[in-house]
Amino acid sequence: MTRPARARINLTALQHNFNRIRETAPASQVMAIIKANAYGHGLITIARGLTQANAFGVASLDEAITLREAGYDRRIVLLEGPFAATELHLVSGYCLDVVIHCSEQVRMLEESHLRRPLNVWLKVDTGMHRLGFEGAEIAGMVQRLDASGCLGELRFMSHLACADDTADDYTRQQLEVFDDSLQVLTGERSLANSAAVLAWPDTHYDWVRPGIMLYGSSPLLGSTAADLDLQPVMTLESALISVRSYPQGARVGYGSDWVCPESMPVGIAAIGYGDGYPRHAPSGMPVLVNGRRAQIIGRVSMDMICIDLRGHPQTAVGDTVTLWGEGLPVEEVAEKAGTIAYELLCRVNHRVQFMSTG
Ligand SMILES: *Cc1c(COP(=O)(O)O)cnc(C)c1O
């Protein structure tokens, strides 16, 4: 028998979430963000499910080349642009678009002598203060890119820091800075991440760039995926590999963190931090056993977790344990583990068997 830890990837849910983006931002093209192995879901599986995306956004040349070699001829955007001048010939050869966010990258282009013009998304810093040019620098950068002789199409983008909080006025300020910085410049514009797709229609412009909502997790504080009509794409599961009863006072797991308060059944599921499940998940963390809620007890091990099976009298070895996904939102698990859904999803690793449906 193979180890039962598996991630079911539901492509029907992916299509549903994509349709939600289309409905919500009907006038915009969609750059589906599939960086970090499609937020841990599998780059190629997710690309295959996104037949209607107008472009793919990735973080590295590797990911872009993987997509090209798999036969995708769609627009692909390197969201952090080139990391070194030596990448530019591959970028050009594979017909990739690049974000350009700093003057060093402009220099790489100026010195590249590319034969084919490169499509550029110039990144404006509208207040996130991570990457991008300030408003006053933009005209000069556009001039340099023009003069380099290797500029193809030019677009403008920026990123929002607080769009997940619908009560935070900072998004409106960033929007104003974006418009002020670009005023007379022509070229398509892009600002919205998932949260902005859903909560800030004024940010939609020509291209929206949803990531997390594609995967069916809520990008908005205080709203669940169900509230927003999003469906989970990944369901992370394993199975019980042991069910035993222990007497009152028995200690369970590393560090003896859990002490049985009474005689009780304990199940062991084959999944742990070596698979990407968060090690700091505390006792009380919800899981589903055969679709019904139960709780983790004791410490998460590399390959296993322990589950309190009081109230689950019918369980047996081989029964399904769900860590998140259908029936148990990843956002809820993330919050209880002190992190965000993004991190949990992209940490699921190759030890887990991936299977796609729909
Ligand atoms: C990751 C990323 C996104 C997607 O953000 P979500 O919150 O997952 O929708 C959009 N734009 C850029 C530049 C990104 O790096």
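Computed from a predicted structure; not experimentally measured. These values consider heavy atoms only, across backbone and side chains, with no hydrogens, waters or symmetry-generated copies. For ligands, and for the atoms within them, numbers begin at 1 and follow the listed sequence.
Nearest protein heavy-atom contact of atom 9 (O) of ligand 1 is S194 OG, 2.5 Å. Scanning all protein heavy atoms for the shortest distance to atom 12 (C) of ligand 1 gives H159 CE1, 3.5 Å. The single protein non-hydrogen atom nearest to atom 10 (C) of ligand 1 is R209 O, 3.3 Å, given as residue, atom name and distance. Among protein heavy atoms, the minimum distance from atom 7 (O) of ligand 1 is reached at Y342 OH, 2.7 Å. Protein heavy atom in closest approach to atom 8 (O) of ligand 1: Y39 OH, 2.6 Å.
Note that CG of L175 is 8.5 Å distant from OG1 of T171, once rounded to the nearest 0.5 Å.
Distances between N or O atoms of I212 and those of ligand 1 include at least one value under 3.5 Å. On a distance-only criterion, R130 and ligand 1 share no N/O pair closer than 3.5 Å. Ligand 1 has no N or O atom lying under 3.5 Å from any N or O atom of K123, backbone or side chain. Residue I33 has no N or O atom closer than 3.5 Å to an N or O atom of ligand 1.
R6 places a side-chain heavy atom less than 4.5 Å from the side chain of T320. No side-chain heavy atom of I268 sits under 4.5 Å from any side-chain heavy atom of L240.
Of the listed options M31, K35, M128, K35 places a heavy atom closest to atom 1 (C) of ligand 1.
Using bins of under 30°, 30° to 60° and over 60° for the plane-to-plane angle, the ring pair Y342/Y39 lands in the tilted bin.
The only option from L50, V77, I46 that meets the side chain to side chain contact (heavy atoms under 4.5 Å, CB included) definition with F56 turns out to be L50.
Residue-environment remark: CD (E335) stays at or below the threshold of 12 foreign heavy atoms within 6.0 Å. Summarising the local packing, CZ of R351 is surrounded by more than 12 heavy atoms from other residues, nucleotides or ligands at distances under 6.0 Å.
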